[in-house]
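For reference, the structure is listed below as structure tokens.
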Protein chains: 2
Amino acid sequence: MDESIFSDPAFPADQPSPGQSRYGWLAASLRARITQGEWVPGTALPAEAALAKEHGVALGTLRQALALLVAQGLLVRQHGRGTFVREGLGGASMLRFFRFATEDGAPGTPQSHILGRQLRLASADEADGLGLPAGASVLQLQRLRSLQGQPCLLEHIVLPLPLFEALAQSDLAAWDDLLYPMYQRVCGATIHRAEDSLGFGLLTAEQASLLRLDAGHPCAQVDRRAFDLAGRCVELRTTLGDAFAFRYTAHVR
Amino acid sequence: MDESIFSDPAFPADQPSPGQSRYGWLAASLRARITQGEWVPGTALPAEAALAKEHGVALGTLRQALALLVAQGLLVRQHGRGTFVREGLGGASMLRFFRFATEDGAPGTPQSHILGRQLRLASADEADGLGLPAGASVLQLQRLRSLQGQPCLLEHIVLPLPLFEALAQSDLAAWDDLLYPMYQRVCGATIHRAEDSLGFGLLTAEQASLLRLDAGHPCAQVDRRAFDLAGRCVELRTTLGDAFAFRYTAHVR
DNA sequence: CAGTGGTCTAGACCACCGC
DNA sequence: CGGTGGTCTAGACCACTGG
């Protein structure tokens with residue numbers, strides 16, 4: 001019951017490798033079929049009985065495989081309905097770090113203003129983080145997010161090409177307020193999980209003026225690496241916001 | 001497979017309540033025997049087969065119950081060795097938020113200096129957080145933690161009485177650098193999990209001088225509620241440290 | 001080697017959902 | 001109602017740990 005998350009070769013062997021459990025191999029096999037698009041996020045897999053019969057395996061064994069994928073966040077099971085491929089992240093998750101609130105208390109979705117968009121070569125760190133070869137091209141975005149006209153978050157985003165080619169030319173006025181659903185719709189890239197690294201710093205004069213704060217004002221900085229269904233990092237993002245509005249809750253065990 | 005964490009009455013019924021699964025009831029039952037001290041942290045439970053026979057249940061069902069308690073962090077299973085009650089938190093977990101490092105890179109355990117110890121009445125918030133009746137007594141500690149003689153963290157700790165009575169009189173010179181193992185040894189209180197809330201603020205002059213920083217220096221503040229095996233909150237703690245040394249990593253899914 | 005947990009099977013029956 | 005996942009059983013066999 002401790003199959004590695006990394007047991008995800010793009011093409012699993014036809015048989016469980018020696019030392020690997022049957023359900024572990026089954027899970028990897030199903031995982032590959034999902035990341036290759038056989039079952040799209042939101043759709044249902046065949047029923048347990050059908051999958052078990054297809055793979056010539058007992059029901060309990062198949063259920064162990066599905067339980068693995070549920071634990072990895074790839075599937076969601078609903079009693080009486082079916083087994084579904086999980087939808088990607090919504091895109092409003094950055095607000096969970098900040099306690100911006102509208103007057104009536106509900107946070108709501110922030111508006112998005114793209115301040116800049118450039119095609120350029122990836123730095124060494126960026127190529128490394130995105131798993132690109134040295135000298136690859138990336139799309140860079142600067143973005144300001146506002147709640148009810150009040151600027152609150154400043155973002156710097158780096159996306160790998162050619163996956164996000166479609167965003168390099170499309171009309172900025174037609175962009176959504178939330179990027180992750182747009183990544184999925186326009187580029188077929190599902191953001192499945194992310195790693196956030198939090199720290200504190202001080203705003204430069206330029207950053208401060210965009211956020212309508214004073215130069216040198218304390219800010220919280222969130223460095224995010226976002227991953228798709230196959231586990232590849234497909235977005236690097238740095239978000240800045242007022243440190244005094246920052247609040248985050250964590251569970252330790 | 002979604003038994004609530006809160007299915008933990010001190011004394012479970014003799015039979016699974018209607019609508020509750022057998023393994024869910026079994027898990028709650030075993031959980032109660034653990035929190036009541038029948039199996040102390042670090043010790044092994046009887047073997048699967050023995051427990052299954054004792055409860056008149058099939059092996060698979062018992063294993064489901066154990067899997068639940070493993071998922072809740074109460075048990076650890078080791079192939080070929082046995083099933084063990086998990087040890088409590090080590091006590092050095094606060095350092096994971098900060099990137100203090102000694103010269104050779106290894107963080108090490110910080111030294112602990114108790115600056116103050118008072119017996120007093122709990123405030124309304126404290127009584128609420130610790131589940132105490134209004135007007136109950138608490139033990140309050142102020143504490144400075146240092147790495148290689150360099151002050152780095154300032155802590156304010158509130159503990160409920162009479163559970164921590166033994167700490168109110170014991171010789172401060174004999175205290176450990178880590179409190180959680182000492183809680184367990186001296187008071188029999190096992191810290192099993194904690195909830196941390198992170199925020200940002202500015203140091204008062206008094207706080208700053210203790211940390212050898214300037215008054216008004218930016219600081220990260222971690223408000224922690226720590227819970228024992230039975231899920232009762234038994235410690236409230238506020239930790240302050242240099243905001244620019246603060247760094248935290250989170251996973252989003 | 002004996003004792004532990006891990007895997008797998010084949011089947012029965014229950015609980016939930018949506019038509 | 002038919003189809004889905006959830007629970008439970010009884011048993012066989014494997015893999016790991018420690019003496």
Side-chain angles (χ1 to χ4, degrees), chain A residues 1-4 7 12-13 15-30 34 39 42-86, chain B residues 1-4 7 12-13 15-30 34 39 42-86:
Chain A
M1 189 82 95
D2 61 294
E3 304 291 329
S4 165
S7 56
Q15 300 289 333
S17 49
Q20 185 182 33
S21 64
R22 191 142 179 159
Y23 73 79
W25 168 81
L26 236 176
S29 168
L30 293 171
I34 291 169
W39 299 300
T43 64
L45 265 59
E48 290 181 338
L51 281 175
K53 189 177 177 188
E54 177 189 346
H55 291 88
V57 93
L59 246 184
T61 304
L62 182 97
R63 288 177 56 79
Q64 274 186 289
L66 294 183
L68 256 190
L69 296 178
V70 168
Q72 291 173 14
L74 211 64
L75 295 179
V76 175
R77 312 197 73 182
Q78 287 176 248
H79 195 165
R81 300 224 312 128
T83 302
F84 302 84
V85 180
R86 250 199 46 190
Chain B
M1 187 90 90
D2 59 294
E3 306 291 328
S4 165
S7 56
Q15 299 290 333
S17 50
Q20 186 182 31
S21 65
R22 192 142 179 164
Y23 73 80
W25 168 82
L26 236 177
S29 168
L30 292 171
I34 292 169
W39 300 300
T43 63
L45 265 61
E48 291 181 339
L51 281 175
K53 188 176 179 186
E54 177 189 347
H55 291 88
V57 94
L59 245 184
T61 304
L62 182 98
R63 286 178 57 79
Q64 274 186 290
L66 293 183
L68 256 190
L69 296 177
V70 168
Q72 291 173 14
L74 210 65
L75 295 179
V76 175
R77 311 197 72 183
Q78 287 176 247
H79 194 166
R81 300 226 311 131
T83 303
F84 301 85
V85 180
R86 250 199 44 190

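Separating the CG atom of A:Leu62 from the P atom of D:dG6 is a distance of 12 Å, rounded to the nearest angstrom. If you take CG of A:Leu75 and P of D:dG6, they are 12 Å apart, rounded to a whole angstrom. Atom CD in A:Gln20 sits about 14 Å away from atom C1' in C:dG6, given to the nearest Å. The CZ-P distance, from A:Phe84 to D:dG3, rounds to 16 Å in whole Å. We find that CD of A:Gln64 is positioned 14 Å from P of D:dG6, with the value rounded to whole Å. Rounded to whole Å, atom P of D:dC14 lies 17 Å from atom CG of B:Leu59. The interatomic distance linking B:Leu66 (CG) with C:dT4 (P) rounds to 13 Å, in whole Å.
In this structure, NE2 in B:His55 is found 4.5 Å from OG in B:Ser29, a value given to the nearest 0.5 Å. Taken from CZ in A:Arg63 to CG in A:Leu26, the straight-line distance is 13.5 Å, to the nearest 0.5 Å.
A:Ala49 and A:Leu59 get closest at one heavy-atom pair: N-CD2, 4.3 Å. The two residues B:Ala44 and B:Phe84 come nearest to each other via the heavy atoms CB-CE2, 3.7 Å.
With distances taken from any side-chain atom of B:His79 to the nucleotides C:dC16, D:dT9, C:dT4, the minimum falls on C:dT4. When distances run from any side-chain atom of B:Arg63 to the nucleotides D:dT9, D:dG5, C:dT7, the shortest one goes to C:dT7.
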Review point. Could you go step by step and tell me if A:Leu66 and A:Leu30 meet the side-chain contact (heavy atoms from CB on, under 4.5 Å) rule?
Key: CA-CA 9 Å; A:Leu66 294 183; A:Leu30 293 171; 4.0 Å; yes
Practice item. Go through the steps to decide whether B:Ile34 and B:Leu75 satisfy the test side-chain contact (heavy atoms from CB on, under 4.5 Å), and finish with yes or no. Key: CA-CA 10 Å; B:Ile34 292 169; B:Leu75 295 179; 3.8 Å; yes
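Within residues 43-56 of chain B, the residues approached by DNA chain C to less than 4.0 Å at the level of any non-hydrogen atom are B:Ala47, B:Glu48, in residue-number order.
Side-chain nitrogen and oxygen atoms of A:Arg77 include at least one within less than 4.0 Å of the OP1 or OP2 phosphate oxygen of D:dG6. Phosphate contact (OP1/OP2 of D:dG5, side-chain N/O of A:Thr83, threshold under 4.0 Å): present. At D:dC8, none of the side-chain N or O atoms of B:Tyr23 fall inside 4.0 Å of OP1 or OP2 (strictly under the cut-off). In this structure, A:Thr61 reaches the C:dT9 phosphate: one of its side-chain N or O atoms is under 4.0 Å from OP1 or OP2.
Remark on DNA chain C: of its neighbouring residues A:Arg81 and A:Val57, the 5'-side contact belongs to A:Val57, judged by nearest-heavy-atom nucleotide.
For the pair B:Arg77/B:Glu48, a side-chain contact is recorded, criterion being any heavy-atom separation below 4.5 Å from C-beta on.
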